[in-house]
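Below is one structure; the comments refer to it alone.
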Amino acid sequence: MMTAAKNRICLWYDGDAEEAARFYASTFPGSAVNAVHRAPADYPAGKRGDVLTV
C-alpha cells in the first residue's frame with residue numbers, strides 16, 4: 001500500500017528548471033518528474049518551447 005508524500009518541494013528557477021528537477025528527482029528515491037509544460041507560442045518574456053513549469 002502506498003501512502004501520499006508528506007512533503008512537497010517547490011523551487012523557482014529562471015532557466016534550467018527541467019535539468020534541476022531531473023537532478024533532484026534522481027537524488028531522492030521514489031521521486032520522478034511527471035510533467036514538463038512548455039510554452040505553446042512565443043510570448044513577451046520568451047519563446048515557443050520554453051519550459052514554463054516542471
Side-chain angles (χ1 to χ4, degrees):
M1 182 162 133
M2 299 224 12
T3 58
K6 295 182 184 205
N7 295 310
R8 210 169 269 239
I9 306 301
C10 179
L11 302 171
W12 184 279
Y13 285 85
D14 281 334
D16 300 328
E18 184 176 1
E19 292 84 356
R22 292 192 188 284
F23 169 76
Y24 283 109
S26 72
T27 302
F28 298 102
S31 297
V33 173
N34 295 321
V36 177
H37 301 278
R38 298 182 182 280
D42 289 351
Y43 60 105
K47 62 185 183 314
R48 180 177 189 234
D50 284 353
V51 174
L52 300 176
T53 60
V54 182

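Note that the coordinates shown come from a computational prediction; the quantities given were computed from them, not determined experimentally.
Under a hydrophobic clustering in which Ile, Leu, Val, Met, Phe, Trp and Tyr are joined whenever their side-chain heavy atoms come within less than 4.5 Å, directly or via other members, Phe28 and Val54 fall into different clusters.
Closest approach of Ser31 and Ala25 over heavy atoms only: CB-O, 3.6 Å.
For Asp50, the salt bridge (charged side-chain N to carboxylate O under 4.0 Å, His left out) partners at least two apart in sequence or on another chain are Lys47. By the side chain to side chain donor-acceptor pair (under 3.5 Å) test, Asp14 pairs with Trp12, sequence neighbours left out.
Every pair tested for salt bridge (charged side-chain N to carboxylate O under 4.0 Å, His left out) that includes a residue from residues 24-33 fails, sequence neighbours excluded, so the list is empty. Among residues at least two apart or in separate chains, side chain to side chain donor-acceptor pair (under 3.5 Å) pairs with a member in residues 15-30 are Glu18-Arg22, Glu18-Arg38.
Residues Tyr43 make up the rest of the hydrophobic cluster containing Leu52, defined by ILVMFWY side-chain heavy atoms closer than 4.5 Å, directly or through other members.
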